[in-house]
Structure formats: structure tokens, C-alpha cells
Enquirer: 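One structure coming up, written as C-alpha cells, with questions to follow.
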Amino acid sequence: MSSPSPFAQPSAPPVPFTVDDYRARMARAAESAAEAGLAGVIVAPGPDLVHLTGYRPVSTERLTLLVLRAGHDPVLVVPTLEAPDAAAATGAPALTLRDWTDGKDPYEVTAPLLAAEGRFGVSDNAWAMHLLGLQRQLPGTSYTALTEALPMLRAVKDAAELERLAAAGAAADATYEEILKVRFSGRREVDVAMDLAALLREFGHSQVDFTVVGSGPNGANPHHEAGERTIERGDMVVLDFGGLKHGYGSDTSRTVHVGEPTAEEQRVHDIVREAQQAGCAAVRPGVACQEIDRAARAVITEFGYGDRFIHRTGHGIGVTTHEPPYMIEGEEQPLVPGMCFSVEPGIYLPGRFGVRIEDIVAVTEDGGRRLNTTARELAVVE
């Protein structure tokens with residue numbers, strides 16, 4: 001890998017979220033649940049809890065659960081031994097902590113906080129044993145996944161969140177600029193993937209979620225995990241990488257070529273680039289998510305590769321690198337300013353090569369703004 005880039009200086013930390021930010025998020029979640037006909041929301045450790053409270057515990061067999069109900073104060077149920085950490089979270093002053101000790105039934109502690117006959121939205125990563133424990137205490141309750149009941153819970157970002165997403169995108173862009181300087185030919189996919197991971201961390205990522213390096217025929221597998229294949233001259237190479245910086249996600253894809261491409265390879269790349277541009281150009285408030293998919297897919301279909309575009313056009317991004325909304329046929333959710341998602345069409349030719357180009361786009365008041373700005377032309381690497 002090349003020497004550290006002059007851009008690899010630590011970026012200024014973002015303005016911290018405040019207790020008022022978390023108080024407002026919890027209130028919105030409770031109100032949204034009521035509007036959806038739910039008795040409330042229960043949130044287990046994971047991205048939803050981080051988003052709503054700033055508290056990031058490890059998920060274990062010991063019950064930790066945030067209960068949000070319209071007209072009630074937020075309550076966080078925690079094991080006694082973890083209560084000091086919970087109390088130190090930025091959002092803690094906006095809620096009530098209720099702890100329980102080992103040897104006691106945590107579901108008895110939690111049950112009085114719920115409506116005995118209510119239907120609750122529950123964070124997707126809640127453990128089954130915890131839901132079943134609550135149902136034993138309150139057999140009249142029922143549960144639905146937050147992704148289904150409140151899919152837009154984290155979808156619309158405020159200014160501070162957009163700042164973090166932009167910083168993560170800039171770090172991913174800097175990573176791409178640097179990876180173009182490394183040698184590809186004669187090296188394994190995993191070697192380039194390790195370079196990508198190191199660069200993401202160099203540019204401020206605290207977490208690397210994926211480093212896809214799909215060379216030659218492996219590029220025809222959209223989620224190919226970097227393997228032992230040696231990259232050769234003449235290979236098309238799909239690069240897809242991202243993770244978390246300041247707690248918010250990055251995700252970008254570019255396709256490069258080792259040595260000069262053939263006319264066909266260049267043409268396929270040009271088609272994907274045109275499709276990606278069409279998808280980004282379609283972004284504006286009020287447009288249904290499926291229209292982004294339709295705009296990108298129409299270009300690829302027009303050129304005869306419709307059956308080789310085998311995935312949705314995009315996904316939301318925030319405190320996780322994949323979350324609602326999804327840019328896919330059938331998703332009629334209108335775009336709202338503050339939503340952020342990927343636009344990433346691709347063409348995949350089995351046994352030969354693949355091409356994907358991806359940017360994160362934020363919906364603005366009158367259109368969309370790309371959070372990735374690196375060149376989308378087919379780069380030639382050595």
C-alpha cells in the first residue's frame with residue numbers, strides 16, 4: 001500500500017448529539033407508534049437503541065429494553081451491574097432507568113411498563129427469548145418488527161446526522177483515491193481488501209463492515225467475499241467497501257480495470273455509469289423509492305442487459321450501512337428531505353466479469369446531493 005495520503009489527517013469531530021436530540025427522537029418514535037396503531041415501541045440493544053438514546057450495550061442473555069409509549073415517560077430496563085454505564089449515556093437524563101438484579105425475573109420488572117393487551121413494535125434484533133419471556137408475563141401482548149411497522153423510524157436524518165454521513169462518505173472517497181495507487185496485478189483479492197480496510201481506518205473509520213474485491217469472474221457475484229484468487233492483467237475488478245465513522249455509515253462502489261479494457265468491457269461500464277446517473281437524477285422529494293430503481297433499471301434494460309441487473313438499486317444508510325428505505329420495485333414510500341440511500345446499479349456477466357457503481361445520495365429540498373464525489377469513469381490500474 002502507498003504511503004499515507006496528505007488527506008489522511010484526523011478530521012474534526014462532529015458536534016456531539018445532545019440529550020435534547022435523544023429526547024426528541026424518543027418522542028417521535030412513541031408518537032409514530034401511536035399513529036401506526038401500536039401501543040408502543042420496545043427496543044433491544046442494537047442500532048435502534050443507539051439512535052434513540054446514545055447507549056451502546058452488548059446484547060446478552062440479560063434483558064436490556066427501552067420502552068416508549070405515547071403519553072408515558074421513556075423507561076430503560078437494565079441489569080443492575082450495567083446501570084452505571086446506562087446512566088452515563090448522553091440520552092439517559094431524558095428517560096427513567098429501572099434496573100433488575102441477577103436472580104430476579106426481568107420480565108416481571110418490564111411487564112408493568114407495557115399495555116397488557118397491546119401490540120408493540122420491536123427492534124428487529126431483539127432476542128426471541130426476551131420476547132417469549134414478555135409474552136409469558138403478558139399473554140395478551142403481540143409484537144411486530146419495527147422494519148415492518150415503522151420502517152422510516154431512522155430514515156430521515158437531521159443536520160447533525162447528515163454531517164456525519166458526509167464525513168463518512170468523504171473518508172470512503174479518500175480511500176478509493178488511495179487504492180488506485182496500489183498494485184493490483186499479481187496480488188490476491190484479500191491483499192487489496194486488507195489495503196481497503198486499512199485505508200478506511202486511516203481515514204477515521206472505527207468499524208469496517210465490508211471490503212468486496214471481485215476480480216474477473218468473481219465480479220459477477222455482487223457480494224463476493226475477497227478470496228485467494230490472484231488478480232491478473234485484463235481483469236475487471238469490482239470494489240465495494242464501507243463501514244462506520246463517527247457512528248454513521250459509508251458505502252461506495254467503483255469498478256476498475258487492470259490494464260486497458262476491451263471495447264465490450266468499456267461499453268458495459270459506460271452503460272452502468274449512465275444508469276447510475278439516471279438513478280441519481282431521479283432523486284427528489286415526493287418521488288416514490290421505486291422510481292429510483294425504475295430509472296436506473298430502464299437504462300440497463302434498454303441496452304439489453306436487464307436480466308443481468310440482479311439486485312435492487314439501493315438501500316438506506318445511517319447508524320447501519322443497510323437500513324430502510326429500499327430503492328426497489330414495489331416500494332411506494334415517497335422520498336423526504338434528509339433521507340440517505342445508495343444508488344448502485346450493476347451488470348453481472350457470469351463467468352466473465354461484473355460492473356457496479358455506487359454513491360450515497362441525500363435527498364434535499366429540491367433534488368438530491370451525492371455524498372460520494374470520486375470519478376465514475378473506468379479507472380485503469382496496474
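Values below: all heavy atoms of this structure, side chains included; hydrogens, waters and symmetry mates excluded.
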Enquirer: Going by an N to O cut-off under 4.0 Å, is there a salt bridge joining Arg254 and Asp240?
Expert: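 So Arg254 does not pair with Asp240 through a salt bridge.
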Enquirer: Would the number of heavy atoms belonging to other residues, nucleotides or ligands and lying under 6.0 Å from CZ of Arg229 be above 12?
Expert: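 Yes, enclosed.
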Enquirer: Ring-plane angle category for His130 and Tyr107, please: parallel below 30°, perpendicular beyond 60°, tilted otherwise.
Expert: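 Geometry flag for Tyr107 against His130: tilted rings.
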Enquirer: Parallel, tilted or perpendicular: which fits the ring planes of Phe17 and Tyr22, with parallel below 30° and perpendicular above 60°?
Expert: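 Aromatic pair Phe17/Tyr22 classed perpendicular.
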Enquirer: Taking Glu331 for the side chain and Ile328 for the main chain, is one N or O donor matched with an acceptor at less than 3.5 Å?
Expert: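 It does not hold such a pair.
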Enquirer: Should Ile357 and Val343 be counted in the same cluster of Ile, Leu, Val, Met, Phe, Trp and Tyr side chains packed under 4.5 Å apart?
Expert: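 Unlinked, Ile357 and Val343 end up in two clusters.
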Enquirer: Walk me through whether Val258 and Val237 qualify under side chain to side chain contact (heavy atoms under 4.5 Å, CB included).
Expert: CA-CA 8 Å; Val258 186; Val237 185; 4.0 Å; yes
Enquirer: Can you label the angle between the His311 ring and the Phe309 ring as parallel, tilted or perpendicular, going by 30° and 60°?
Expert: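 His311 and Phe309: perpendicular rings.
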Enquirer: Mind checking what makes salt bridge (Lys or Arg N to Asp or Glu O under 4.0 Å) contact with Glu264, not counting sequence neighbours?
Expert: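 Scan of Glu264 (salt bridge (Lys or Arg N to Asp or Glu O under 4.0 Å), adjacent residues dropped) gives Arg352.
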Enquirer: Counting distance only, does the side-chain N/O of His205 pair as donor-acceptor with the main-chain N or O of Gln207 below 3.5 Å?
Expert: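 No; judged by distance alone, with no hydrogens or angles, the pair does not exist.
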Enquirer: Could you walk me through whether Glu344 and Thr313 satisfy the side chain to side chain contact (heavy atoms under 4.5 Å, CB included) test, starting with their C-alpha distance in whole Å, then the side-chain angles of each, then the deciding distance to 0.1 Å, before giving a yes or no?
Expert: CA-CA 5 Å; Glu344 50 177 308; Thr313 292; 5.8 Å; no
Enquirer: For Asp195, run the salt bridge (Lys or Arg N to Asp or Glu O under 4.0 Å) check against Arg187, Arg188, Arg201 and tell me which one passes.
Expert: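 Testing each of Arg187, Arg188, Arg201 against Asp195, the sole residue satisfying salt bridge (Lys or Arg N to Asp or Glu O under 4.0 Å) is Arg187.
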Enquirer: Give a yes or no on whether the backbone of Asn125 and the side-chain of Ser123 come within a donor-acceptor separation of less than 3.5 Å.
Expert: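 No, the answer is negative, given that no donor and acceptor are paired below the 3.5 Å cut-off.
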Enquirer: Where the side chain of His269 meets the backbone of Ala379, is there a donor-acceptor pair that is under 3.5 Å apart?
Expert: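 Pair absent, no side-chain N/O of His269 close to backbone of Ala379.
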Enquirer: Using only atom types and a distance under 3.5 Å, with no angle test, would you say the side chain of Glu323 pairs donor to acceptor with the backbone of His315?
Expert: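 Such a contact is absent between Glu323 side chain and His315 backbone.
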Enquirer: For the backbone of Val50 and the side chain of Thr53, can you confirm whether one donor and one acceptor N or O come within less than 3.5 Å of each other?
Expert: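 It does not hold such a pair.
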Enquirer: Would you say Glu148's side chain and Ala145's backbone share a donor-acceptor pair under 3.5 angstrom?
Expert: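 No, because the side chain of Glu148 does not come within donor-acceptor range (under 3.5 Å) of the backbone of Ala145.
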Enquirer: Show every side chain to side chain donor-acceptor pair (under 3.5 Å) that has at least one partner inside residues 34-48, sequence neighbours left out.
Expert: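 Those involving residues 34-48 are Asp48-Arg154.
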Enquirer: Using a 3.5 Å distance criterion without hydrogens, assess whether the side chain of Lys157 forms a donor-acceptor pair with backbone atoms of Arg164.
Expert: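 Pair absent, no side-chain N/O of Lys157 close to backbone of Arg164.
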Enquirer: Quick check: does any side chain N or O of Asp235 sit under 3.5 Å from a backbone N or O of Glu232, one acting as donor and the other as acceptor?
Expert: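 Such a contact is found between Asp235 side chain and Glu232 backbone.
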Enquirer: Got a donor-acceptor contact below 3.5 angstrom from the His257 side chain to the Gly234 backbone?
Expert: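 Looks like yes, one N/O pair under 3.5 Å.
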